[in-house]
Amino acid sequence: MAKELTSRSENYSQWYNDLVLKADLAENSAVRGCMVIKPYGYAIWEKIQAELDRMFKETGHVNAYFPLFIPKSFLSKEAAHVEGFAKECAVVTHYRLKNSPDGKGVIVDPEAKLEEELIVRPTSETIIWSTYKNWIQSYRDLPLLINQWANVVRWEMRTRLFLRTAEFLWQEGHTAHATEGEAMAEAKQMLEVYATFAENFMAMPVLKGVKSANERFAGALETFCIEALMQDGKALQAGTSHFLGQNFAKAFDVTFVDKNNKIDYVWATSWGVSTRLMGALIMSHSDDNGLVLPPKLAPFQVVIVPIYKNDEQLAAISEKVNELIPKLRKLGISVKFDNNDNKKPGWKFAEYELKGVPVRLAMGARDLENGTVEVARRDTLTKETVELEGIENYIEKLLDAIQENIYKKAFDYRTSVTRNVDSYDEFKVEIEKGGFLLCHWDGTAETEERVKDETKATIRCIPLEASEEGVCIFTGKPSKQRVVFARAY
RNA sequence: CGGGAUGUAGCUCAGCCCGGUUUAGAGUACUCGUCUGGGGGGCGAGUGGUCGCAAGUUCGAAUCUUGUCAUCCCGACCA
């Protein structure tokens with residue numbers, strides 16, 4: 001009908017685009033590369049935010065807000081940092097418009113040129129470290145554990161809804177520490193937070209690891225990441241946590257006096273996840289019928305569709321439903337009763353499937369007679385008729401089962417496409433099939449670069465806590481552990 | 001930034017090659033009525049378009065020419 005999705009096998013990337021639009025998550029805007037996040041999509045993002053925010057606070061962080069604009073000179077204070085971002089910065093040069101002399105609209109007033117141009121933040125390290133300089137004098141001011149929820153702009157050439165947009169929403173944590181060890185521990189801790197969130201809430205298994213030098217954040221000494229695998233076999237970086245060493249402290253002269261009255265530069269971390277997680281969520285679980293949402297992130301977990309022939313029947317059904325809703329809410333289950341008379345039940349069934357609502361209840365005249373309700377689960381597309389009495393407890397367990405099942409499905413898929421590869425010839429064949437390839441690598445940027453040029457595959461991460469002697473598949477040089485190769489988003 | 005394609009109703013598109021029976025169409029969506037209602041309903045009526053924008057050719061342009069803008073796909077670039 002009107003909302004047919006392209007199937008995944010036919011064209012995976014078209015399927016994704018269709019799904020984002022048709023499930024009403026987001027759409028393209030009048031501004032090239034920027035998206036409008038629609039209420040249903042934003043509701044999912046709010047759930048992501050709420051849980052992450054809770055986890056950040058639980059680990060001692062507080063929220064603050066720093067400006068959207070960054071003086072151009074700030075960006076250039078850290079050499080690697082400016083190198084990494086310069087090519088995709090939006091720049092504010094003027095502060096006033098005036099009426100066009102030809103009477104058609106407005107023009108930039110050439111008189112109103114800014115003395116120093118402002119960059120729209122692509123990330124906030126520079127503005128934040130210039131501020132931290134004033135906040136930190138002594139070890140007693142440390143650690144400084146701050147997060148901000150914000151938008152950032154990176155002027156991308158090619159954009160895709162959620163996965164890569166010119167403006168996106170994210171959170172960025174920026175912390176300052178007295179010792180190298182403490183900062184490193186912080187960076188690793190936040191990686192764990194991300195991984196826990198991805199697995200427990202998004203039901204998305206992730207690999208934890210370190211980035212190779214090529215993939216490292218501009219200005220970091222070490223970048224930790226979580227990498228997820230999408231259903232088409234491509235990898236997606238879902239979150240990063242950076243150990244920044246003293247790079248930014250030195251660039252912005254942020255020093256502190258330690259217990260021994262010795263002056264030193266502070267140690268830093270930064271870490272972030274963005275609306276890109278929405279893309280990861282969509283591509284981890286959804287199917288040809290639409291979105292599949294994990295119950296913990298679904299804007300509503302249960303939808304109730306009444307089936308009736310007249311107002312009397314609707315009234316009778318509504319009465320039962322209105323008894324049930326408080327029982328569900330009491331168990332913390334979010335529920336929507338769709339008694340909209342403008343849409344037919346069949347239309348609603350398809351619509352809520354498209355939107356990934358985990359559980360659908362249908363109640364009609366037959367059910368009223370029998371004291372039952374039809375329960376349909378989105379992840380398996382199965383239906384069963386269940387006693388209405390005590391249904392809330394049944395649904396509570398069912399939601400847990402769904403959360404678990406979609407995680408397991410994603411985990412099993414990842415397992416099935418993760419394999420060891422020990423020769424470059426085999427690599428070139430296997431990489432075409434997608435998935436994670438675990439290979440030995442000699443640790444050099446040159447090798448990684450050549451493999452990328454020849455196969456489009458990159459090192460997604462160097463797994464933590466793994467060791468196995470071997471030889472590089474490309475150069476035959478010795479290697480201490482396997483690394484994860486894949487094609488990536 | 002290179003290569004390719006497309007701009008016609010809210011959306012998807014036909015019409016363009018070969019200019020004039022086209023007062024610009026279809027499906028879908030929307031509005032009203034009605035029959036319906038357990039998987040995207042049926043019937044009837046109706047609303048809705050400066051044919052991306054600008055200039056040109058012509059008696060006449062959605063249709064031909066040039067320019068321009070925008071979008072999509074494939075590359076390059078990149079967290």
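Chain letters run A, B, ... following the sequence lines, proteins first and then strands; every chain starts at 1. All figures in this text were calculated on a predicted structure; none of them were measured in a lab. Side chains included, hydrogens not; waters and symmetry mates left out as well; all remaining heavy atoms used.
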>> What I want to find out is whether A:Asp287 reaches A:Arg378 closely enough, with some N-O distance under 4.0 Å, to be called a salt bridge.
In response: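 Salt bridge between A:Asp287 and A:Arg378, a charged N being under 4.0 Å from a carboxylate O: yes.
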>> Can you tell whether the side chains of A:Arg460 and A:Glu215 come within less than 4.0 Å, N to carboxylate O?
In response: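 Looking at A:Glu215 together with A:Arg460, the answer is yes, because their closest N to O distance falls below 4.0 Å.
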Counting side-chain heavy atoms from CB outward, which of [options] is closest to [X]?
X        : options             : result
A:Met157 : B:G39, B:G38, B:C77 : B:C77
A:Tyr308 : B:G37, B:G75, B:C73 : B:G37
A:Arg158 : B:A79, B:A76, B:G39 : B:A76
A:Arg164 : B:G39, B:A79, B:G38 : B:A79
A:Lys344 : B:A79, B:A76, B:G41 : B:G41
A:Leu354 : B:G38, B:G75, B:G40 : B:G40

>> Return whichever of A:Phe349 or A:Lys211 has its heavy-atom-nearest nucleotide of RNA chain B closer to the 5' end.
In response: A:Phe349
> Taking for each residue the nucleotide of RNA chain B bearing the nearest heavy atom, is the 5' side occupied by A:Glu374 or by A:Ala488?
Replying inline: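 Whichever sits nearer the 5' end wins; that is A:Glu374.
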> Contact class for A:Phe168 (heavy atom, under 4.0 Å): base, sugar-phosphate, or nothing?
Replying inline: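 The answer is nothing, as A:Phe168 stays clear of every strand by at least 4.0 Å.
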>> Between A:Gln237 and A:Ala488 (side chain of the first, backbone of the second, donor and acceptor by atom type, cut-off under 3.5 Å), is there such a pair?
In response: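 No.
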> Distance-only, no hydrogens or angles: does the A:Trp441 side chain make a donor-acceptor pair with backbone N or O of A:Thr447 under 3.5 Å?
Replying inline: no
> For B:C72, which nucleotide in any strand shown is its Watson-Crick or wobble partner with both distances under 3.5 Å?
Replying inline: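 Base-paired to B:G4.
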> Which base sits across from B:U34 as a Watson-Crick or G-U pair, both distances under 3.5 Å?
Replying inline: B:G42
Whole-angstrom distance between [N] and [M], as gauged at atom [atom1]:
N     : M     : atom1 : value
B:G33 : B:U21 : P     : 39 Å
B:A26 : B:G48 : C1'   : 14 Å
B:C59 : B:G52 : C1'   : 27 Å
B:U66 : B:A76 : P     : 31 Å
B:C16 : B:A61 : C1'   : 10 Å

Would you say the side chain of [X] and the base of [N] hold a donor-acceptor pair, judged only by whether the two atoms sit under 3.5 Å apart?
X        : N     : answer
A:Lys383 : B:G38 : no
A:Asn310 : B:G37 : no
A:Asp341 : B:G37 : yes
A:Arg32  : B:A70 : no

>> Rounded to whole Å, how long is the line connecting atom CZ of A:Phe85 with atom C1' of B:A79?
In response: 6 Å
>> Rounded to whole Å, please give me the gap between CH2 in A:Trp170 and P in B:A79.
In response: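 Rounded to whole Å, this separation is 13 Å.
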> Looking only at side-chain N and O atoms, does A:Lys343 come under 4.0 Å of OP1 or OP2 in B:C30?
Replying inline: yes
>> So, OP1 or OP2 of B:C78: does either fall under 4.0 Å of a side-chain N or O from A:Arg154?
In response: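 No, because none of the side-chain N or O atoms of A:Arg154 sits under 4.0 Å from OP1 or OP2 of B:C78.
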> So do the side chains of A:Ile333 and A:Leu399 get within less than 4.5 Å of each other, counting heavy atoms only?
Replying inline: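 Side chain of A:Ile333 against side chain of A:Leu399, heavy atoms only: contact under 4.5 Å found.
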> Are A:Phe485 and A:Phe427 near enough that their ring centres are under 6.0 Å apart?
Replying inline: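 Yes; A:Phe427 has its ring centre under 6.0 Å from that of A:Phe485.
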